[in-house]
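Just so it is clear, the model here is predicted, and its values are computed rather than measured. Just follow the structure's listing: the first ligand is 1, and inside any ligand the first atom is 1. Residue numbers start at 1 and run along the sequence shown.
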Amino acid sequence: MGKRNRSTTGRRGRAIAPALTGIIAAGALFAVAELLSAFFGTVSSPLTSMGSTFIDFTPSWMKNFAISTFGTNDKTVLLLSMAIATVILAAIAGLAAARKLIVGASMVVVFAAVMIATIITRSGATVLDLVPVVIGTVAGLFVLRYLTLAAQRAWANQPDPKNHEDTVQSPNRRSFILGAALIAGGSLVVGIGGNLLSTARNTARQFRDALKLPAAKTKAAPLPDGVAVSVDGVVPFVTPNADFYRIDTALAVPQLDPNSWELRVHGMVENEFTMSFSELLASDLVESHVTLTCVSNVVGGNLVGNAKWLGYPLREIMARAKPKGGADMVLSTSSDGFSASTPLPALQDDRGAILAVGMNDEPLPLEHGFPVRMVVPGLYGFVSATKWVVDLEVTTFAEKAGYWTSRGWSSHGPIKTSSRVEVPKALARVPAGRVAVGGTAWAQTRGISKVEVKLDNGQWQAAELGAEASLITWRQWQFIWNDAKPGIHKVQVRAYDGAGTLQVEDQAPPEPDGSTGWHTITFNVV
Ligand SMILES: Nc1nc2c(c(=O)[nH]1)N[C@H]1C(S)=C(S)[C@@H](COP(=O)(O)O)O[C@H]1N2
Ligand SMILES: [Mo]
């Protein structure tokens with residue numbers, strides 16, 4: 001019994017050890033690279049750069065699927081899939097190395113070359129950013145060689161099951177297992193340590209914590225009484241920063257140093273210039289409430305938020321640059337290579353487009369664009385709200401296209417009139433009698449003039465509107481249903497914009513220029 005067990009372990013070990021060797025070698029590679037990348041910045045992390053490159057090349061149907069299926073967890077899912085793919089490739093490399101070391105090692109080198117390509121092609125990358133992956137690869141190769149040879153010693157001359165000699169192999173097997181465990185454990189410690197170190201060395205966070213923003217020259221108009229309706233559970237009129245939706249292609253949040261931040265303004269202009277952060281802060285800043293919306297928001301979705309932004313009018317930036325005749329677009333680009341095409345007039349008219357530095361009385365949170373982002377009322381984020389913005393190029397729609405436009409989305413992105421039911425929640429059970437219904441509607445730059453609700457198959461009835469803060473913020477609504485009878489009920493909502501135009505009824509998906517359709521929910525009166 002004992003003898004038979006040992007020989008099956010022997011055979012199993014012989015098969016598993018090489019795969020394990022490959023996986024541990026990959027672990028060592030990434031651990032060392034992650035540790036070193038704490039000193040070289042986020043693009044130098046092979047995991048981050050590979051993931052980011054993957055995101056940039058993901059076909060948009062897959063990206064839509066990921067956002068609609070996993071929501072804002074899409075990045076976690078991406079990292080997890082990458083980890084699984086890496087484990088499989090590493091196991092194959094380990095098995096190859098067991099047959100012929102040079103073949104397995106070559107696979108690791110090819111993999112490293114791919115990582116090098118993804119790092120060096122990231123925006124802002126330099127040759128120095130390759131140091132972590134190169135040293136990590138050397139470490140990985142070393143581990144691969146060491147464990148492969150150890151495994152070969154341990155499982156050399158696989159003993160005949162009938163032979164009693166297999167005990168002779170045990171010391172070698174033990175030393176393989178010990179070596180593998182030590183290296184795996186060490187890699188784990190190094191990897192986690194590297195991660196902690198990156199967090200500790202996150203200078204952007206330190207700069208943000210130390211930053212005191214100047215007061216606005218022009219304060220935000222005070223919010224009128226009654227912007228919030230009285231129905232419990234309607235989302236707050238001003239979205240706290242921590243609850244503000246986040247959408248971007250950045251796998252690792254860019255870490256910009258405001259002291260070296262510069263905005264370059266160029267292209268079809270008479271006056272090219274650059275602006276520093278201190279110059280920006282010394283300018284006359286304005287403050288206003290603006291509701292941002294993501295084009296990926298589905299009917300009834302929550303990729304929309306309202307904040308009080310502090311910033312410098314883009315109108316002033318454009319006036320200083322003096323666009324030349326023929327220009328009709330401004331391509332804004334972030335430090336990590338995202339870009340948005342904003343119609344030039346939207347940055348020149350008085351809708352209130354700004355280069356924002358503050359959000360709800362704080363410097364921009366890192367994930368919302370620290371130190372500077374764009375906020376343009378009335379346009380979806382993908383064509384206007386560039387975070388970590390560093391470059392404004394005045395150009396034409398004929399000449400250039402933004403990140404999402406070259407991936408199948410539209411070039412212009414005016415926000416469509418939308419409304420949603422927030423209370424009751426879909427499928428909620430509510431007591432019979434008085435049922436409070438409420439929600440939010442938005443049509444930035446046009447405003448909301450009327451909201452109507454329809455209960456079951458009844459007539460459309462006017463909802464009560466919260467006070468209007470401005471045309472560029474959302475507007476709350478409520479409707480009190482006084483005699484709700486037990487049973488399953490349906491409520492539908494639709495809004496009219498400031499010009500009296502009714503929200504589009506036909507259901508359309510977000511791609512290419514924003515969803516349409518009237519939001520309906522079902523709930524249970526008991
Ligand atoms: N640098 C950068 N800026 C970006 C994006 C991005 O991917 N990268 N996404 C845009 C999109 S699609 C939206 S909807 C808004 C979201 O801004 P928020 O994350 O602050 O809510 O940011 C915009 N700015
Ligand atoms: Mo978006």
Side-chain angles (χ1 to χ4, degrees), residues 42-43 51-52 55-56 58 60 63-64 66-68 71-72 74-75 78 122-124 204 238-256 261 263 290-298 301-309 311 330-342 353-360 362-392 402-416 418 442 444 474 509-515:
T42 45
V43 277
S52 307
I55 290 176
D56 291 349
T58 310
S60 40
K63 192 137 18 182
N64 295 345
I67 291 182
S68 60
T72 34
D74 54 343
K75 283 172 189 145
L78 168 67
R122 297 311 299 167
S123 101
V238 176
T239 315
N241 290 354
D243 300 340
F244 208 95
Y245 80 94
R246 174 186 167 198
I247 291 285
D248 54 60
T249 60
L251 198 52
V253 176
Q255 297 173 25
L256 301 193
W261 179 87
L263 179 71
V290 181
T291 301
L292 283 193
T293 310
C294 181
V295 68
S296 297
N297 195 45
V298 293
N302 55 12
L303 300 180
V304 53
N306 183 46
K308 184 173 75 177
W309 307 94
V330 174
L331 189 75
S332 53
T333 306
S334 68
S335 66
D336 69 337
F338 168 88
S339 59
S341 57
T342 310
I354 57 169
L355 277 175
V357 294
M359 181 176 185
N360 292 331
E362 283 177 23
L364 290 178
L366 300 190
E367 59 275 21
H368 292 291
F370 181 82
V372 185
R373 75 173 303 169
M374 304 220 318
V375 170
V376 183
L379 300 177
Y380 287 120
F382 81 113
V383 291
S384 70
T386 305
K387 305 191 270 191
W388 315 289
V389 64
V390 292
D391 191 288
L392 298 181
Y403 185 95
W404 287 112
T405 307
S406 50
R407 287 164 175 78
W409 295 72
S410 63
S411 55
H412 292 59
I415 294 173
K416 297 177 179 176
S418 305
W442 59 88
Q444 292 93 312
W474 57 16
E511 193 168 7
D513 59 3
S515 63

Asks: Could you check whether R246 makes a cation-pi contact with F244, meaning its NZ or CZ is under 6.0 Å from the centre of the six-membered ring and within 45° of the ring axis?
Replies: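 Ring-cation test returns no.
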Asks: Identify, for atom 24 (N) of ligand 1, the protein heavy atom at the shortest distance, and state residue, atom and that distance.
Replies: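 The answer is A385 O, 3.0 Å.
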Asks: Pull out every atom of ligand 1 sitting under 4.0 Å from any heavy atom of T386, numbered as shown with elements.
Replies: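 Here the atoms of ligand 1 in question are 3 (N), 24 (N).
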Asks: For ligand 1, which part of Y403 has a heavy atom less than 4.0 Å away: the side chain, the backbone, both, or neither?
Replies: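 Y403 to ligand 1: no contact under 4.0 Å from either part.
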Asks: Can you tell me which portion of Y380 lies within the under-4.0 Å heavy-atom range of ligand 1? Options are side chain, backbone, both, or neither.
Replies: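 Y380 to ligand 1: no contact under 4.0 Å from either part.
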Asks: Using only heavy-atom distances, determine whether the side chains of T42 and Q255 contain a donor-acceptor pair under 3.5 Å.
Replies: no
Asks: Mark yes or no for whether S406, through its side chain, and W404, through its backbone, hold a donor-acceptor pair below 3.5 Å.
Replies: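 Side chain of S406 to backbone of W404, a donor-acceptor pair under 3.5 Å: no, none is there.
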Asks: Under 4.0 Å from a heavy atom of S334: which atoms of ligand 1 are those, numbered in the order shown and with their elements?
Replies: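 Those of ligand 1 that fall under 4.0 Å from S334 are 1 (N).
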Asks: Return the closest protein heavy atom for atom 13 (C) of ligand 1 as residue, atom name and distance.
Replies: G381 CA, 3.7 Å
Asks: Would you mind listing which atoms of ligand 1 come within a distance below 4.0 Å of any non-hydrogen atom of F382?
Replies: 11 (C), 12 (S)
Asks: Just need the protein heavy atom nearest to atom 16 (C) of ligand 1, so name the residue and atom and give the distance.
Replies: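 Looking at atom 16 (C) of ligand 1, the protein heavy atom closest to it is I247 O, 3.6 Å.
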Asks: Less than 4.0 Å is my threshold; does some heavy atom of R373 fall inside it relative to ligand 1?
Replies: yes
Asks: So is there a nitrogen or oxygen of D248 less than 3.5 Å from a nitrogen or oxygen in ligand 1?
Replies: no
Asks: Given that the side chain starts at C-beta and the backbone is N, CA, C, O, which of these parts of C294 lies under 4.0 Å from ligand 1, counting heavy atoms, or is it both or neither?
Replies: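 Answer for C294: both.
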Asks: Which value, rounded to the nearest 0.5 Å, describes the distance between F338 atom CZ and I55 atom CD1?
Replies: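 Reported value, rounded in 0.5 Å steps: 12.5 Å.
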Asks: Is the backbone N or O of N297 less than 3.5 Å from a side-chain atom of S515, with the two atoms forming a donor-acceptor pair by type?
Replies: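 Yes.
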Asks: Please say whether E367 places an N or O atom under 3.5 Å from an N or O atom belonging to ligand 1.
Replies: no
Asks: With respect to F338, determine whether any N or O atom, backbone or side chain, lies less than 3.5 Å from an N or O atom of ligand 1.
Replies: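 Such a contact does not occur with ligand 1.
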Asks: Around atom 3 (N) of ligand 1, find the nearest protein heavy atom and jot down its residue, atom name and distance.
Replies: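 Here the nearest protein heavy atom works out to K387 N, 3.0 Å.
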Asks: Does G337 offer a backbone N or O that forms a donor-acceptor pair with the side chain of T333 under 3.5 Å?
Replies: no
Asks: Atom CH2 in W309, atom NE2 in H368: separation rounded to 0.5 Å?
Replies: 7.0 Å
Asks: Give the numbers and elements of all ligand 1 atoms closer than 4.0 Å to a heavy atom of F244.
Replies: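 Under 4.0 Å from F244, ligand 1 has these atoms: 21 (O).
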Asks: Apply side-chain contact (heavy atoms from CB on, under 4.5 Å) to the pair R373 and T386, showing each step before the final yes or no.
Replies: CA-CA 5 Å; R373 75 173 303 169; T386 305; over 6 Å; no
Asks: Does an N or O anywhere in W404 fall below 3.5 Å from an N or O of ligand 1?
Replies: no
Asks: The test is side-chain contact (heavy atoms from CB on, under 4.5 Å); show your working for F370 and V357 and say whether it passes.
Replies: CA-CA 7 Å; F370 181 82; V357 294; over 6 Å; no
Asks: Looking at atom 21 (O) of ligand 1, what's its closest protein heavy atom, distance included?
Replies: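 For atom 21 (O) of ligand 1, the nearest protein heavy atom comes out as Y245 O, 2.7 Å.
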Asks: So, N306 and T291: side-chain donor and acceptor under 3.5 Å apart, yes or no?
Replies: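 A pair is found: one side chain offers a donor N or O, the other an acceptor, under 3.5 Å apart.
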Asks: Keeping the roles fixed (side chain from N241, backbone from M359), state whether a donor-acceptor pair exists under 3.5 Å.
Replies: yes
Asks: Between H368 and ligand 1, does any nitrogen or oxygen pair lie at a separation below 3.5 Å?
Replies: yes
Asks: Hey, mind stepping through D56 and R122 against salt bridge (Lys or Arg N to Asp or Glu O under 4.0 Å) and telling me if it holds?
Replies: CA-CA 10 Å; D56 291 349; R122 297 311 299 167; 2.9 Å; yes
Asks: Please work out, at 4.0 Å between heavy atoms, whether the side chain, the backbone, both, or neither of D336 comes within that distance of ligand 1.
Replies: side chain
